[in-house]
Asks: 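I'd like to ask you about the structure that follows.
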Protein chains: 2
Amino acid sequence: MNPFLKNDINIFKNLSESEFIELKSVFSYRKYLKKEFIIKEDAAVENIYFISSGLVKLSYFDNDTNEFILSFAFENWWETDFSAFYNQTKAALTLQCLEDTEVYGLNFDDYFLILDKYRLSNYFLDKSIRGHIASQKRILSLLTLKPKERYEQFLQLYPSINQRIPKSVLALYLGVSRETLSRLYRKSKK
Amino acid sequence: MNPFLKNDINIFKNLSESEFIELKSVFSYRKYLKKEFIIKEDAAVENIYFISSGLVKLSYFDNDTNEFILSFAFENWWETDFSAFYNQTKAALTLQCLEDTEVYGLNFDDYFLILDKYRLSNYFLDKSIRGHIASQKRILSLLTLKPKERYEQFLQLYPSINQRIPKSVLALYLGVSRETLSRLYRKSKK
DNA sequence: ATTAGGGTGTGACCGAAATCACTTTTATTT
DNA sequence: AAATAAAAGTGATTTCGGTCACACCCTAAT
């Protein structure tokens, strides 16, 4: 198993080497290529995914035409369509790779199994609360900031992924048109 | 202790009567009047609050002038400035009563204490994930819907609190001006 | 019954961003 | 290297929602 996942979990719970080998067996490793879908709309959402390398986008399509991006996820993030996974319903969101990406999947039953067996509830609770806090920041950003300010906030918050995604994709995340973003970009440079 | 909290927790973990009496002692009950602040900007955030009755708004003020509402919270919801509580920093948000409100406060140390002592991690994990899912829905609503559609979605989602708040306050939540909301309102009636 | 204040409705005007249309630049593929 | 596709820049036009200004409630207090 990728060392990242081990290090990440160990922040909260020091498992012995043997416990870790045991735990590792419940995860399913898979590699996806750029543009491949990890979760497709209307498909069942079997897993929650730990991204060990690469970059993905979680998005929603209205009327299967216009795309909107809920979040990017990269190294050491857990991601899935939480609503669909947690309620075991069909995916309303899609999860697609912006780069070649390696993931460790954890299915519904195993998720609840390991919560108790390895006392990982507090680990996931921490992840979830931080995710919740990040979502609230995003809501405030959408409510309070103008496109230009949102763009600048994004640059500050995620300087690394800004380099890794096309501007047209970033526009889908910021909630502005491609053209408007392009014009802002010029202005904030000088 | 208010029966609501007990019923809510019991969904996840059946505590004995004596355990419950023990647990109850860590909560601090308090009653607030309409317009009172439970959390004030820049103050320390001691507690996470379980709302047992009433209605509150969680909001952000930019430059201490313009208000934006992150969420409403009412009976059976847990609410606080999570970022400030969890990181033990000063409040960036305010929590203010829209009605007379009764809360049960739980402080930082006790929170982590009872997570383990009463095995409540899974209970709070569930709450947190559902909160996270709700936040994501809100983000999508802001990204994909026009003001009129957001208003209609709100009516559908929270028909009860729509009756309990002024339209001008709802506008702060929907991210539109008071005037625009007023005009939409007329249009969607006919 | 008069006043004051919170909440709401509505017209006029303005501006930021969407949309449309097209060009230019940069990557990928063969 | 040529061809094709993807991404980005830019002008012209339109539109939705914000802002300003003021009128009209309705309830509670004097």
Side-chain angles (χ1 to χ4, degrees), chain A residues 33-37 55-57 59-63 65-69 72 96-100 140-155 161-190, chain B residues 33-37 55-57 59-63 65-69 72 96-100 140-155 161-190:
Chain A
L33 297 175
K34 186 173 174 172
K35 293 190 180 178
E36 265 194 285
F37 290 91
L55 178 61
V56 299
K57 62 178 158 80
S59 28
Y60 170 77
F61 289 84
D62 74 349
N63 315 313
T65 44
N66 303 311
E67 180 177 7
F68 302 91
I69 295 180
F72 299 109
Q96 189 182 12
C97 300
L98 292 166
E99 298 173 356
D100 294 356
L140 278 184
S141 164
L142 290 168
L143 282 177
T144 69
L145 303 181
K146 299 212 191 86
K148 187 183 173 185
E149 300 167 312
R150 286 211 290 281
Y151 174 62
E152 280 157 5
Q153 184 188 266
F154 182 86
L155 286 184
I161 50 172
N162 178 49
Q163 326 274 266
R164 294 159 70 179
I165 53 172
K167 293 278 174 290
S168 51
V169 170
L170 179 54
L172 301 175
Y173 176 88
L174 294 176
V176 290
S177 71
R178 229 201 72 232
E179 295 93 331
T180 300
L181 179 60
S182 170
R183 287 185 251 258
L184 294 175
Y185 191 49
R186 268 160 40 87
K187 281 174 201 161
S188 75
K189 258 192 173 168
K190 53 168 168 176
Chain B
L33 297 176
K34 186 173 173 171
K35 292 191 182 179
E36 266 195 285
F37 290 91
L55 178 60
V56 299
K57 63 179 158 77
S59 29
Y60 171 77
F61 289 84
D62 73 349
N63 315 312
T65 45
N66 302 311
E67 181 177 6
F68 302 91
I69 296 181
F72 300 109
Q96 191 183 11
C97 301
L98 293 166
E99 298 173 356
D100 294 357
L140 278 184
S141 164
L142 289 168
L143 283 176
T144 68
L145 302 183
K146 298 213 192 84
K148 186 183 171 183
E149 300 166 313
R150 286 213 288 284
Y151 174 62
E152 280 157 5
Q153 183 187 266
F154 182 86
L155 287 184
I161 50 172
N162 178 50
Q163 325 274 269
R164 292 158 71 179
I165 53 172
K167 293 276 174 292
S168 50
V169 170
L170 178 55
L172 301 175
Y173 176 87
L174 294 176
V176 289
S177 71
R178 225 204 75 230
E179 295 93 331
T180 299
L181 179 59
S182 170
R183 288 186 250 258
L184 295 177
Y185 192 48
R186 267 159 44 84
K187 279 175 203 162
S188 73
K189 260 190 174 171
K190 56 169 164 173

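Reminder, nothing fancy here: chain letters follow the sequence lines and each chain counts from 1. Since we're looking at a predicted model, the values are computed, not measured.
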Asks: With sequence neighbours excluded, what pairs up with Asp62(A) under the side-chain contact (heavy atoms from CB on, under 4.5 Å) test?
Replies: Tyr60(A), Thr65(A), Asn66(A), Phe68(A)
Asks: For a quick test of reading the model, state the closest non-hydrogen atom pair linking Gln96(B) to Lys35(B) and the distance between them.
Replies: NE2-O, 2.9 Å
Asks: Are any of Ser168(B)'s side-chain N or O atoms less than 4.0 Å away from OP1 or OP2 of dG7(C)?
Replies: no
Asks: Going by side-chain hydrogen bond (donor to acceptor under 3.5 Å, both in side chains), name the residues that satisfy it together with Glu149(B), two or more places apart in sequence or in a different chain.
Replies: none
Asks: I need the CD-P distance between Glu67(B) and dG7(C), as an integer number of Å.
Replies: 11 Å
Asks: I need the NZ-P distance between Lys167(A) and dT10(D), as an integer number of Å.
Replies: 14 Å
Asks: Can you list the residues that meet the side-chain hydrogen bond (donor to acceptor under 3.5 Å, both in side chains) rule with Arg178(A), with sequence neighbours excluded?
Replies: none
Asks: Mind calculating the distance between NZ (Lys34(B)) and C1' (dG7(C)) to the nearest angstrom?
Replies: 11 Å
Asks: Between Leu145(A) (CG) and dA16(C) (P), how many Å, whole number?
Replies: 16 Å
Asks: I would like to know whether Phe72(B) and Leu98(B) meet side chain to side chain contact (heavy atoms under 4.5 Å, CB included); could you show each step before the answer?
Replies: CA-CA 9 Å; Phe72(B) 300 109; Leu98(B) 293 166; 3.8 Å; yes
Asks: Output one letter per nucleotide in nucleotides 23-30 of chain D: B when a protein non-hydrogen atom lies under 4.0 Å from the base, S when only the sugar-phosphate is that close, - when neither is.
Replies: --------
Asks: What is the distance, to the nearest angstrom, from the CZ atom on Arg164(A) to the P atom on dA27(C)?
Replies: 17 Å
Asks: Atom CZ of Arg150(A) and atom C1' of dA16(C): how far apart are they, to the nearest Å?
Replies: 12 Å
Asks: Atom CD of Glu149(A) and atom P of dA16(C): how far apart are they, to the nearest Å?
Replies: 12 Å
Asks: To the nearest Å, give me how far apart CD (Glu99(A)) and P (dT28(C)) are.
Replies: 12 Å
Asks: Can you name the residues that form a side-chain contact (heavy atoms from CB on, under 4.5 Å) with Asp100(A), not counting sequence neighbours?
Replies: Leu33(A), Lys34(A)
Asks: For Leu172(B), give me all partners under side-chain contact (heavy atoms from CB on, under 4.5 Å), at least two apart in sequence or on another chain.
Replies: Glu67(B), Ile69(B)
Asks: Let me test you: for the helix from dA1(C)-dT30(D) to dT30(C)-dA1(D), what is the angle between the axes at its two ends (five pairs each), rounded to 10 degrees?
Replies: 40°
Asks: Is there a side chain to side chain contact (heavy atoms under 4.5 Å, CB included) between Asn162(B) and Lys167(B) once you walk through the steps?
Replies: CA-CA 8 Å; Asn162(B) 178 50; Lys167(B) 293 276 174 292; 3.9 Å; yes
Asks: Can you name the residues that form a side-chain contact (heavy atoms from CB on, under 4.5 Å) with Ser141(A), not counting sequence neighbours?
Replies: Leu145(A), Arg150(A), Gln153(A)
Asks: Between Thr144(B) and Leu140(B) (side chain of the first, backbone of the second, donor and acceptor by atom type, cut-off under 3.5 Å), is there such a pair?
Replies: yes
Asks: Compare the minimum distances between each of dG17(D), dA7(D), dA17(C) and the side chain of Pro147(B), then state the nucleotide with the smallest one.
Replies: dG17(D)
Asks: Can you name the atoms? Protein N/O to nucleotides 18-20 of chain D N/O, anything below 3.5 Å, with the distance.
Replies:
unit_1  : atom_1 : unit_2    : atom_2 : d
dG18(D) : OP1    : Ser177(B) : N      : 3.3
dG18(D) : OP2    : Ser177(B) : N      : 3.2
dG18(D) : OP2    : Ser177(B) : OG     : 3.1
dG18(D) : OP2    : Thr180(B) : OG1    : 2.5
dT19(D) : O4     : Arg183(B) : NH2    : 3.1
dC20(D) : N4     : Glu179(B) : OE2    : 3.3

Asks: Going by side-chain contact (heavy atoms from CB on, under 4.5 Å), Leu170(B) matches just one of Ile165(B), Ile161(B), Leu155(B). Which one?
Replies: Ile165(B)
